Protein chains: 2
Amino acid sequence: MTPRSTRPRERGIPEATVARLPVYLRALQGLAERGILTVSSEDLASAAGVNSAKLRKDLSHLGSYGTRGVGYDVDYLVYQISRELGLTQDWSVAIVGAGNLGRALANYGGFGTRGFRIAALLDADEGVVGDEVAGLRVGHIDTLEDVVSAERVSIGVIAVPAVAAQGVCDRFVEAGVTSVLNFAPVVLNVPPAVDVRKVDLSIELQILAFHAQRKADGRATAPPAGRIGAKEKA
Amino acid sequence: MTPRSTRPRERGIPEATVARLPVYLRALQGLAERGILTVSSEDLASAAGVNSAKLRKDLSHLGSYGTRGVGYDVDYLVYQISRELGLTQDWSVAIVGAGNLGRALANYGGFGTRGFRIAALLDADEGVVGDEVAGLRVGHIDTLEDVVSAERVSIGVIAVPAVAAQGVCDRFVEAGVTSVLNFAPVVLNVPPAVDVRKVDLSIELQILAFHAQRKADGRATAPPAGRIGAKEKA
DNA sequence: ACGCCCTTGTGAAAGCACGCACAAAGTGGG
DNA sequence: CCCACTTTGTGCGTGCTTTCACAAGGGCGT
């Protein structure tokens with residue numbers, strides 16, 4: 001614990017790096033569970049499916065947490081990434097929509113890891129209100145505002161049909177939620193201060209179809225080079 | 001139908017553009033349903049949540065399908081984008097995992113739009129094999145290879161727990177599937193010729209948490225600027 | 001038939017992201 | 001105590017993305 005520069009990072013982690021940190025975190029937690037104490041950038045990169053230089057550069061944005069000639073201390077790095085991502089505090093999440101998707105989300109064990117607490121699961125359908133899902137009782141959509149303020153919900157998850165999504169989003173925003181995760185296939189309109197992320201099955205399928213067509217349309221001009229996967233064998 | 005250059009695009013649409021085409025397509029279909037025949041890049045961009053210059057450049061990669069001073073013919077553009085994405089042919093999709101997530105996917109009406117056909121919904125749990133979901137009977141995982149070859153499945157969807165994902169993926173690959181959509185929170189290992197896309201709830205949540213923390217940690221250095229959303233009012 | 005006005009399509013510039021390759025830094029053996 | 005080896009952290013070149021700004025093209029009113 002030498003004093004170091006005391007100024008590891010100076011704010012401003014590239015968005016592309018932020019998007020990969022959760023992947024590194026998961027890989028590290030897997031290593032930790034297997035009792036591995038130290039890992040090199042090469043090994044961690046391989047576990048996370050990225051280039052090792054990219055991994056090192058990503059981590060360098062958080063500070064100098066590695067030891068040359070040795071690698072990274074797994075537990076320490078888990079802690080640093082968790083802290084950077086804001087997972088050392090708990091975030092309350094409200095899920096709207098208790099259909100199959102909402103239930104799948106609610107059952108998503110421990111919500112990735114810890115750090116997220118499902119404060120409520122709401123639905124507009126009287127038929128499902130009152131059901132128990134993942135140890136939670138489904139509440140009525142009309143209690144959204146109460147739940148958000150009582151439970152200090154900071155992240156809203158929208159798992160309702162497309163036509164209802166903007167309405168739910170507006171209510172979240174009105175209630176003070178500034179982070180929204182949207183599973184409905186619509187573009188949400190929100191004020192600039194609100195952060196929206198989208199998860200969209202049909203978009204992913206269509207992107208796959210595009211590349212599949214490439215492969216089928218006679219020899220493609222370039223290999224698929226999927227943005228995410230396409231790694232070589234272990 | 002003037003002869004034009006007959007060489008509208010020459011192969012090689014940027015990946016970033018491909019990822020946005022489905023969004024444009026959906027926006028256009030919405031316009032078409034409302035009976036709108038023509039749209040300007042400005043209006044379409046607004047509906048899709050992007051910058052109009054970006055939209056024009058994206059569309060220019062497909063060819064010159066607009067009319068200066070007027071805009072784009074909605075139906076024609078729908079057709080061109082569909083064709084480019086490979087949606088004018090049908091793709092057979094097999095979903096493995098008939099839990100809440102698998103069911104949610106199977107029920108995802110018309111699978112976005114048309115273009116995708118669910119050839120099978122499979123599960124390893126004898127308890128759910130035989131259930132009817134979305135007009136489909138859940139089959140046993142052991143029939144995966146048969147289904148893939150009999151139904152000419154080209155896209156495999158993995159909606160199983162993390163520990164089972166790699167195994168299912170291997171079976172898909174072995175059976176000849178070259179496009180995989182993975183919902184399990186693991187990095188899949190596949191040969192280079194296979195295209196994998198990942199949808200991961202907990203990663204999205206963690207990215208939101210990062211930005212939320214930024215907002216909370218005193219005035220952020222920069223506004224959130226969510227990759228996806230954060231548009232202004234209509 | 002002419003000219004005004006609107007909107008597309010695209011050069012050019014700026015900003016990011018990626019990956020190579022290497023110097024710096026730390027470990028362990030002799 | 002020194003040297004050989006390992007692995008990090010990063011400067012730099014390259015290519016992709018985004019955005020601006022505007023010339024070219026086409027419709028419409030007169």
Side-chain angles (χ1 to χ4, degrees), chain A residues 1-2 4-5 7-10 12-21 23-24 36-74 76-77 80 221-223 225-228 230-232, chain B residues 2 4-5 7-21 23-24 36-46 48-74 76-77 80 222 225-228 230-231:
Chain A
M1 293 304 183
T2 49
R4 307 202 200 223
S5 79
R7 171 75 4 83
R9 73 215 136 89
E10 53 187 84
I13 297 177
E15 190 59 30
T17 294
V18 172
R20 282 186 295 265
L21 289 179
V23 180
Y24 302 154
I36 295 171
L37 301 178
T38 285
V39 68
S40 70
S41 63
E42 200 67 55
D43 291 349
L44 180 54
S46 161
V50 302
N51 176 301
S52 71
K54 179 152 57 178
L55 181 131
R56 288 197 298 276
K57 186 156 289 185
D58 282 343
L59 294 183
S60 77
H61 287 116
L62 313 189
S64 276
Y65 297 139
T67 303
R68 296 175 191 226
V70 177
Y72 299 89
D73 181 282
V74 173
Y76 186 51
L77 199 49
Q80 290 298 344
T221 313
R227 176 178 64 103
I228 299 286
K231 300 203 299 70
E232 54 299 323
Chain B
T2 51
R4 303 204 204 222
S5 79
R7 171 76 5 83
R9 75 213 136 89
E10 53 188 84
R11 307 243 151 70
I13 297 177
E15 190 57 32
T17 295
V18 172
R20 282 186 295 266
L21 289 179
V23 180
Y24 304 154
I36 295 171
L37 301 178
T38 285
V39 68
S40 69
S41 65
E42 198 68 54
D43 291 349
L44 180 54
S46 160
V50 302
N51 176 304
S52 71
K54 179 153 55 179
L55 179 129
R56 286 197 300 276
K57 183 148 287 188
D58 282 343
L59 294 184
S60 78
H61 287 116
L62 312 191
S64 277
Y65 297 139
T67 305
R68 297 177 191 226
V70 177
Y72 299 89
D73 181 281
V74 173
Y76 187 52
L77 199 49
Q80 291 298 344
R227 175 180 67 103
I228 299 287
K231 301 205 297 70

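Just so it is clear, the model here is predicted, and its values are computed rather than measured. Chain naming here is simple, since letters A, B, ... match the order of the sequence lines and numbering starts at 1 in each.
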Checklist entry - Got A/Leu77 and A/Leu44 here, is their nearest side-chain heavy-atom distance under 4.5 Å? => result yes
Checklist entry - What's the spacing between B/Tyr72 OH and B/Leu55 CG if we round to 0.5 Å? => result 6.0 Å
Next on the checklist: How long is the straight-line distance from NZ of B/Lys54 back to OG of B/Ser41, given to the nearest 0.5 Å?
Outcome noted: 13.5 Å
Item to check | Start and end of chain A contact along DNA chain C [non-hydrogen atoms, under 4.0 Å] | outcome: C/dA17 to C/dT27
Item to check | Nearest heavy atoms of B/Ser52 and B/Ala45, plus distance in Å | outcome: CA-CB, 3.5 Å
Checklist entry - Is A/Tyr65 near enough to D/dT7 that one of its side-chain N or O atoms lies under 4.0 angstrom from OP1 or OP2? => result no
Checklist entry - How does protein reach along nucleotides 17-26 of chain D, written 5' to 3' as B (base within reach of a heavy atom under 4.0 Å), S (only sugar-phosphate), or - (no contact)? => result SSBBB--BBS
Next on the checklist: Is there a side-chain contact between A/Ser40 and the phosphate of D/dT7, meaning an N or O under 4.0 Å from OP1 or OP2?
Outcome noted: no
Item to check | Working for side chain to side chain contact (heavy atoms under 4.5 Å, CB included), residues A/Leu21 and A/Leu62 | outcome: CA-CA 10 Å; A/Leu21 289 179; A/Leu62 313 189; 4.1 Å; yes
Item to check | Residue pairs, two or more places apart or on separate chains, that pass salt bridge (charged side-chain N to carboxylate O under 4.0 Å, His left out) and touch residues 57-74 of chain B | outcome: B/Arg20-B/Asp58
Checklist entry - So, do B/Thr38 and B/Thr67 sit near enough that their side-chain heavy atoms are less than 4.5 Å apart? => result no
Item to check | Gap separating the OG1 atom of A/Thr17 from the CG atom of A/Leu59, nearest 0.5 angstrom | outcome: 9.0 Å
